[in-house]
Structure formats: C-alpha cells, structure tokens
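Here is the structure we will look at, set down as structure tokens.
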Amino acid sequence: MSRPASPGAPSEAHNVLAITPFRRLWISLSLSSLGDWLSLLALISLAVVFTADGPHLARYLAVAGVVAVRLAPAVLLSPLAGPLADRLDRRWTMVVGDVLRALLYISIPVVGLLAPGSGLVWLFVASFLAEVVALLWTPAKDSAVPSLVPRKLLGQADKLVLFTTYGTAPVAALLFAALASVSNLLGALLPGMAKPEADIALYLNGLTFLVAAAVAAGLPIPSHRPGKDDESPTRDSRILASVWNRPRGAVGGPLLTGLTLGMLATVAAGGAVIGAGRLHAEALGAGNAGFGMLFAAVFGGMALGVVSGPRILKKLSRRRMFGVGAALAAFVLLPAGAVWDMVLTVFLVLALGVCAGVAWAAGLAVVARETEEEDRGAVHAHLNGTARLTLLLSAVLAPVAAGFVGDHALPVGPLTYDLRGTGVVLSVVGLLAAVAALVAHRQVNKGDPEAGPGLIPELFAALRGVAVPVEGTEEEKPTGAFIVLEGGEGAGKSTQVRELTVWLRDQGFEVVSTRQPGATKLGMRLRALLLDRENSHITPRAEALLYAADKADHVQQEILPALRRGAVVISDRYVDSTLAYQGAGRELDPDDIRRISDWATQGLVPDLTVLLDVRPEEGLARLGGAVDRIEAESAEFHNRVRKGFLDLARQDPERYLVLDAREPQEKVTREIRRRVRAFLPDPVPSNAEAVTGMIPVIRNN
Ligand SMILES: Nc1ncnc2c1ncn2[C@@H]1O[C@H](COP(=O)(O)OP(=O)(O)O)[C@@H](O)[C@H]1O
Ligand SMILES: Cc1cn([C@H]2C[C@H](O)[C@@H](COP(=O)(O)OP(=O)(O)O)O2)c(=O)[nH]c1=O
C-alpha cells in the first residue's frame with residue numbers, strides 16, 4: 001500500500017527530476033553548492049593561516065572579513081544587481097559566471113603559493129569578485145528553473161533546490177574535516193601548499209563550477225526575461241525589501257513577531273558557531289578538522305531536526321514545538337561556549353542544530369497552516385530575508401567581538417580557567433538568543449487553538465505519542481473512573497460487565513454500564529450496519545471509520561458526561577477492539593487506527609482494561625444462535641485479533657489486567673474485583689466482597 005508523501009519530501013522528487021534538463025541543472029547546482037560550502041570553510045581556515053604570525057586581533061578580523069565578503073554582497077547588493085542581470089542573456093550569464101568563479105577560486109591557492117605575501121589580500125579580492133559574479137548569476141539561475149519546469153511542479157523544484165543548497169553544507173563540512181584529518185599526509189604528497197585541505201577544497205570548488213558551466217551551456221534556457229509572475233518571492237534581489245516590508249494581515253501580529261524573533265534567535269546561534277567556530281576549534285586544539293565537525297554538526301543537526309522532529313513529536317502543537325525548539329537551540333550554546341572539550345562542544349552544537357531544525361520545520365508548518373495561499377510567499381520572503389541578514393550579522397560580529405574580548409586566564413582558587421574570547425561570545429550569544437526565543441515562545445503561543453494543559457504534560461504526552469485531551473477545561477476534567485472489558489467473541493465480557501456493575505452499585509457508586517458499538521441512537525444504526533451479514537461489501541477502511549464514528553458519538557454523548565459527573569463507566573469493548581479487529585484482524589496500519597480512534601475519542605484512555613483471553617474456537621463455541629458478520633470471519637482472522645489484544649496488553653502492562661477466560665466465571669469475577677478495588681477513588685473495603693458475592697445468586701433466582 002503506498003502512502004502519500006508529504007509535500008516536498010524527497011520521495012516526491014522523482015516527478016520533477018524526471019525532467020532531464022531540470023535534473024541536469026539540479027545536479028550541477030548541487031555540485032556547486034557543495035563546492036561553495038567547501039570554499040567557505042577553506043577561506044575561513046586560510047584567513048587564519050595567512051594571519052598566523054600577525055597580531056592577535058588581525059586573525060579575528062580576517063575571519064570576520066571572509067565571512068562578510070562571502071555573505072554580505074548577496075544580502076546588501078542584490079537590489080542593484082537584479083536590474084542589470086535582467087538585461088543579460090540568461091544562459092550565457094550562467095556559463096560565463098560559472099567559468100569566472102572557477103578561475104577566481106582556483107586563483108586563490110595559486111597566488112598563495114606563488115606570492116605568499118599577497119595571499120590574504122588576493123583572497124579577499126578574489127572572493128569578493130566571485131560574489132559579485134554570483135550576484136548576476138543568481139537571478140539567471142532563479143529564472144532558469146521556471147523555464148525548465150512546468151508550473152505545477154515549480155513548488156517541488158524550488159524545494160529541491162533549497163534542499164540541496166543547505167543539504168550539501170554538512171556533506172561539505174564532513175569532507176573538509178576528513179581532508180583536514182589527513183592533512184599531514186596531503187602535505188607530504190603536495191609540498192608547498194599553505195594548508196593542503198583548504199587548497200584542495202578551493203581547487204574542488206573551481207572544478208564544480210567548471211562542471212556547472214558545461215551543464216549550463218547545454219541547457220535549453222530561453223534568453224528572455226521571465227514574467228513577474230514566474231519569479232519567486234524569496235528571490236535574492238528582494239531580500240532587504242522583504243525584511244522591512246512586514247507582510248500585513250497574513251498571520252496575526254504576535255504570531256508573526258514570535259516567528260520572526262524565534263527564527264532570528266536560532267539563526268543568530270548558528271551564525272555565531274559558523275563565525276567563531278574556526279578560532280574556537282583552534283583554542284580547543286582541534287584546528288580545521290574540529291571546525292569541519294562543528295560546521296557539520298550545525299547543518300547536519302538541522303537536517304535531522306527538520307526531518308525527525310515533527311515525526312517524533314507529532315502530537316505536540318506546532319507553535320509549542322517552534323517555541324521550545326528555538327529556546328533550546330539558543331540555550332545549548334551557553335554551555336557549548338563554556339566547556340573545554342572538543343567532542344562535548346560538537347555534541348552540544350549538534351543539539352543546537354537539531355533543535356533549530358525542529359523549530360524551523362514547526363515554524364514553516366505554522367505558516368503553512370495559518371496563512372492563505374496568496375500571502376504565504378510574502379511571509380516566507382520576510383522570514384528568509386530576516387534569517388539571511390541575521391546570519392550575516394551574527395557570523396561577522398562573532399569573531400570581531402571574540403577578538404576584542406581576547407583570551408584571559410582567570411584564577412579560580414588554586415586553578416585557572418581559560419577564558420577565551422570565542423567561548424565568551426558563544427555563551428553570550430546563546431544567552432541573548434535564549435531570551436529572544438523565550439519572548440518568541442510567549443508571542444507564538446498566545447491564543448494557540450491547540451494549546452493543552454501546559455507545556456510539560458503536553459511534551460511528555462507527545463513523547464509517548466498520545467494525544468492530550470484538548471476539550472475539557474480544568475473544571476470539566478473527568479473525575480470518575482473508566483473501566484473497559486475487552487476480548488474475543490464469547491470471552492465473557494458481557495457477563496463480567498454485568499457482575500461488576502451490580503457489585504459497584506452495591507457499594508454506592510453511580511455506575512454507567514455501556515458497550516461498543518451501539519450505545520447511542522446513531523450507534524445502534526451503525527451496529528446494525530456493521531454486524532449485518534448481508535453487508536459483506538463493507539471495505540476495511542470504511543469499517544474502521546464506522547467503528548470510529550460510533551466511538552465519537554459514544555464518548556461525547558455518554559462516557560464523558562458520566563465521567564465528569566464522577567460516575568464509574570464500564571464499557572463492553574472500546575478502542576482496543578478497533579486496534580485488534582481492524583488493525584490486527586483486517587491488517588490496517590495500526591498507527592492510522594490509533595490516530596483516528598484517538599481523534600474520535602478525544603484522546604480518552606481507560607483507567608483499567610480487563611482483557612479476557614480465550615482461544616477463538618472456544619469463545620465462539622460458547623455463543624449460541626446465529627453468528628454476525630464479524631463472528632463469521634475466518635479462524636485466521638480471529639487468531640490475529642487475539643494476538644492483537646495480547647500485544648496491546650504487553651505494551652502497557654500497567655493499564656491491563658489479563659485473565660484466562662477459561663477459568664470459572666466466579667473466579668474471573670473475583671480477580672476483576674480485586675484489581676478494581678485498588679484504584680477506585682473511594683476504595684471498597686475488602687470485607688465487602690463476602691457480602692456482595694451473594695448478589696449474583698440472589699439475582700439469578
Ligand atoms: N468464565 C466462563 N466460563 C464458561 N462460560 C462462560 C464464562 N463466562 C461467560 N460464559 C458464558 O459464555 C457465553 C458468552 O458470554 P458473554 O459474556 O456473552 O461473552 P462476550 O460478551 O464476551 O461475547 C455466555 O453463555 C456465558 O454464560
Ligand atoms: C467496538 C468494536 C467492535 N468490533 C466488533 C467485535 C464484535 O465482533 C462486534 C461487536 O459485537 P458484540 O456483540 O458487542 O461483541 P460480543 O459478541 O463479543 O459481545 O464488533 C470491532 O470490530 N471493532 C470495534 O471497534
């Protein structure tokens with residue numbers, strides 16, 4: 001059975017990747033993104049190498065300069081470049097742009113080798129020129145996509161491009177770390193290189209641009225300027241405008257403020273690691289390999305968080321997930337800056353990445369859910385622009401600030417604590433970002449329609465994968481007890497429900513004894529439909545939904561009101577029957593069954609479930625008369641149902657009492673009473689059993 005993938009999931013990608021020109025463009029873009037990230041790492045590390053003998057502050061400023069030169073033009077100068085780029089032929093802009101960038105990047109290590117004195121200056125000049133070329137190249141690429149892909153697949157294509165733009169970052173970082181760890185070997189093989197891994201990374205980057213140029217030359221890209229409608233609102237030329245132009249009326253005021261602030265906090269935290277990471281790794285004695293690992297941890301963690309967060313915490317409100325993710329992402333930077341161990345730092349930074357990824361995925365889900373289609377582009381552009389600007393500021397300012405703070409040895413009693421500028425900056429950014437994220441959390445959660453009883457119980461419930469009951473405020477919270485009897489056909493459930501009801505009523509409890517399906521007016525009709533052997537055409541999914549409909553009506557109209565009154569509700573069958581019959585018996589996906597049942601029952605879980613276990617043939621033999629549609633199922637079906645029940649009981653032994661239904665009826669009754677007595681709100685004294693043990697006899701007479 002195939003399940004529909006969520007939009008943008010890689011499994012959906014084959015549709016748009018089946019278009020050969022787009023596939024070629026995408027592969028070449030992936031390669032050049034990989035090269036670009038590699039070169040960012042390489043340039044930062046070269047800036048440190050070239051300033052190794054200079055004054056302390058120069059190294060920090062050199063790193064900040066590299067980051068600024070690499071990130072600033074795209075954010076600050078793109079409004080100027082857009083109109084110029086629009087006049088140029090798209091395909092040739094791409095080809096020439098790629099060749100020029102290849103030559104520029106390759107020239108950096110070559111000049112470093114031939115004229116070491118000018119190495120640093122040329123590094124800045126060449127990377128600035130490469131970024132200026134990129135300013136013209138990017139609009140050409142942005143408009144190449146719509147001309148290669150039909151309109152309806154454009155969203156998918158944009159997501160794929162975005163996916164490789166950032167997805168290649170951890171790959172590049174790991175590659176760089178791997179190259180750095182064999183640096184000595186490379187140095188012996190390739191003498192004369194300033195830093196072999198950095199030089200090789202730049203040559204590789206040059207190579208990826210040459211490949212991209214060759215691919216672009218063969219693409220059928222029309223030279224004309226695309227219509228305004230074909231442009232993506234997240235286009236680079238609008239970055240700054242999108243930051244200042246707050247999309248009006250798209251999402252509620254506090255929500256948008258919260259989302260912007262939360263994203264800002266996570267990006268500031270990640271940006272500080274990127275900017276200060278190289279020098280921090282050096283302070284920890286780990287050099288380029290350590291820097292590569294930090295970089296990979298940020299981006300790899302983000303990818304992990306984006307993919308896994310919403311799956312693991314699927315029951316948590318997306319707004320809560322956003323706020324908590326952003327706050328934790330920022331907060332872990334505080335210890336990350338303070339510990340003096342490279343491995344620990346990498347793990348903390350990985351946690352930062354994961355939490356940031358969870359926050360981003362949740363934030364985008366909130367935007368998707370709460371904006372109209374036509375406003376969504378503007379909101380994305382606003383968030384994207386804010387993120388790019390924050391990344392630039394944080395990554396540039398972090399090394400500058402670290403340079404000014406400097407390194408100090410603090411005496412702590414008989415010991416000294418090495419206070420490093422980079423560590424201080426990371427911790428301070430973590431603290432500030434955590435405050436911003438907490439404010440964001442409050443803003444985002446104002447008026448959350450999905451808000452439940454509170455963050456901590458919701459988080460725990462989400463981790464256990466159960467729904468928190470959203471309906472029912474504190475005063476409506478059920479105070480009664482909910483007991484369910486489950487088991488196969490003829491196990492003795494109805495008999496035991498009767499016994500227990502009489503016994504508890506005798507103790508003065510208000511007892512509502514009920515059953516599924518068929519307790520309400522609608523339920524009776526559904527029951528007739530479901531059990532009529534004439535209805536052999538009911539399909540498994542329809543059957544599951546009909547049972548769920550019965551439950552929805554039953555819980556809302558009977559069970560919840562009774563529990564809120566404080567009554568004891570005893571039900572003959574409940575959700576576990578659906579899991580066993582429709583899940584195990586009909587072999588439907590148990591997660592789907594659980595989801596629809598949880599939804600139907602508003603997440604109401606019994607306090608105790610008594611499972612009367614019996615072999616199907618024995619149970620069925622006890623029943624006289626005509627068999628219904630379900631009883632008439634095959635022996636294999638009933639065996640699967642029995643196993644389904646037993647598996648459920650095994651998974652949650654606290655909630656279950658499993659009894660052998662072949663035991664004499666009185667013994668089963670006694671066992672049930674013993675267990676029920678233990679958890680009733682007003683426990684039944686143990687001597688009550690002797691007295692009420694008489695009741696069935698009296699009743700039967
Ligand atoms: N422990 C038991 N041992 C033998 N027969 C039993 C036992 N419990 C119930 N029965 C009998 O089995 C039949 C089916 O019981 P019932 O309570 O209607 O089962 P269910 O509701 O699980 O289908 C009834 O005739 C009942 O008297
Ligand atoms: C509540 C429920 C019952 N069923 C089936 C089990 C039973 O065969 C039938 C209900 O019949 P019922 O007569 O209540 O069971 P029993 O004969 O054991 O007293 O519906 C499901 O398949 N899914 C469900 O969610």
Side-chain angles (χ1 to χ4, degrees), residues 484-502 513-520 522-524 526-533 535 538-555 558-559 570-588 590 592-594 596-601 606 609-634 637-638 640-642 644-645 648 659-672 696 699-700:
V484 172
L485 277 104
E486 292 280 13
E489 319 290 338
K493 297 179 298 297
S494 324
T495 311
Q496 296 301 339
V497 167
R498 253 193 330 263
E499 294 292 333
L500 193 58
T501 304
V502 173
S513 81
T514 185
R515 68 165 175 182
Q516 286 188 359
T520 61
L522 170 69
M524 280 182 234
L526 290 171
R527 182 180 172 93
L529 258 174
L530 281 162
L531 298 185
D532 186 350
R533 290 191 66 173
N535 291 336
I538 298 182
T539 53
R541 281 171 186 241
E543 183 180 292
L545 290 170
L546 290 171
Y547 277 112
D550 170 74
K551 287 184 211 313
D553 218 37
H554 191 200
V555 167
E558 266 206 30
I559 303 180
I570 308 175
S571 181
D572 182 344
R573 298 190 183 279
Y574 189 59
V575 169
D576 291 349
S577 278
T578 323
L579 286 164
Y581 281 83
Q582 281 65 52
R586 298 277 186 233
E587 298 178 292
L588 293 174
D592 289 342
I593 301 287
R594 196 174 280 282
I596 56 168
S597 304
D598 270 354
W599 185 74
T601 59
T609 301
V610 179
L611 173 58
L612 300 177
D613 178 48
V614 67
R615 292 210 342 256
E617 51 276 30
E618 284 182 47
L620 286 165
R622 284 179 188 173
L623 301 172
V627 288
D628 63 35
R629 191 177 67 91
I630 306 267
E631 286 163 355
E633 282 295 334
S634 66
F637 175 89
H638 288 290
R640 281 199 299 275
V641 172
R642 180 183 184 209
F645 275 128
L648 287 168
L659 295 173
D660 184 349
R662 285 173 311 177
E663 298 282 357
Q665 183 195 310
E666 293 73 20
K667 182 163 181 237
V668 176
T669 306
R670 254 196 325 274
E671 294 290 332
I672 296 177
R699 206 164 35 101
N700 288 346

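Counting starts at 1 for both ligands and their atoms, following the listed order. Values reported hereafter were calculated over all heavy atoms of this structure, with side chains retained and with hydrogens, waters and symmetry mates removed.
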Under 4.0 Å to a heavy atom of [X] - the qualifying atoms of ligand 2, by number:
| X | result |
| --- | --- |
| Gln582 | 21 (C), 22 (O), 23 (N), 24 (C), 25 (O) |
| Gln516 | 1 (C), 14 (O) |
| Glu631 | 17 (O) |
| Lys551 | 1 (C), 25 (O) |

Using every non-hydrogen atom in the two residues, find where [X] and [Y] come nearest and quote the distance to one decimal.
| X | Y | answer |
| --- | --- | --- |
| Leu579 | Pro590 | CD2-O, 3.9 Å |
| Ser597 | Ile593 | OG-O, 2.7 Å |
| Met524 | Gly518 | CG-O, 3.5 Å |
| Val497 | Ser513 | CG1-CB, 3.9 Å |

Legend entry - Side-chain heavy-atom pair Thr669, Gln496 within 4.5 angstrom cut-off: yes
Does any N or O of ligand 2 fall below 3.5 Å from an N or O anywhere on [X], backbone included?
| X | result |
| --- | --- |
| Lys493 | yes |
| Arg573 | yes |
| Tyr581 | no |
| Arg527 | yes |

Legend entry - Per-ligand residue contacts, ligand 1, heavy-atom threshold under 4.0 Å: Gly488, Gly490, Ala491, Gly492, Lys493, Ser494, Thr495, Arg622, Leu623, Ala661, Glu663, Pro664, Gln665
Of all the heavy atoms in [X], does at least one lie under 4.0 Å from an atom in ligand 2?
| X | result |
| --- | --- |
| Arg515 | no |
| Glu543 | no |
| Leu531 | yes |

Legend entry - Heavy-atom proximity to atom 19 (O) of ligand 2, best of Ser494, Ala548, Gly492: Ser494
Which residue and atom name correspond to the protein heavy atom nearest [atom], and how close is it?
| atom | result |
| --- | --- |
| atom 21 (C) of ligand 2 | Tyr547 CZ, 3.2 Å |
| atom 8 (O) of ligand 2 | Glu489 OE2, 2.7 Å |
| atom 10 (C) of ligand 2 | Pro517 CD, 3.7 Å |

Output the distance between atom [atom1] ([X]) and atom [atom2] ([Y]), rounded to the nearest 0.5 Å.
| X | Y | atom1 | atom2 | value |
| --- | --- | --- | --- | --- |
| Ile630 | Leu531 | CD1 | CG | 6.5 Å |
| Ile596 | Gln582 | CD1 | CD | 8.5 Å |
| Leu529 | Arg629 | CG | CZ | 9.0 Å |

Inset, instruction - Output yes when Glu633 and Arg640 qualify as a salt bridge under the 4.0 Å nitrogen-oxygen rule, no when they do not. - result: no
Inset, instruction - Please determine if Glu663 and Arg670 form a salt bridge, counting it only when a charged side-chain N lies under 4.0 Å from a carboxylate O. - result: no
Inset, instruction - Please list all pairs passing the salt bridge (charged side-chain N to carboxylate O under 4.0 Å, His left out) test where one or both residues lie in residues 484-495, with sequence neighbours left out. - result: Glu489-Arg573
Inset, instruction - Apply side chain to side chain contact (heavy atoms under 4.5 Å, CB included) to Thr539 and list each qualifying residue two or more places apart in sequence or on a separate chain. - result: Ala542
Inset, instruction - Can you sort out the partners of Asp553 under side chain to side chain donor-acceptor pair (under 3.5 Å), two or more places apart, ordered by chain and number? - result: Thr520, Gln557
Inset, instruction - Just say parallel, tilted or perpendicular for the rings of Phe637 and Tyr581, cut-offs at 30° and 60°. - result: tilted
Inset, instruction - For ligand 2, note which part of Thr578 has a heavy atom under 4.0 Å away: side chain, backbone, both or neither. - result: both
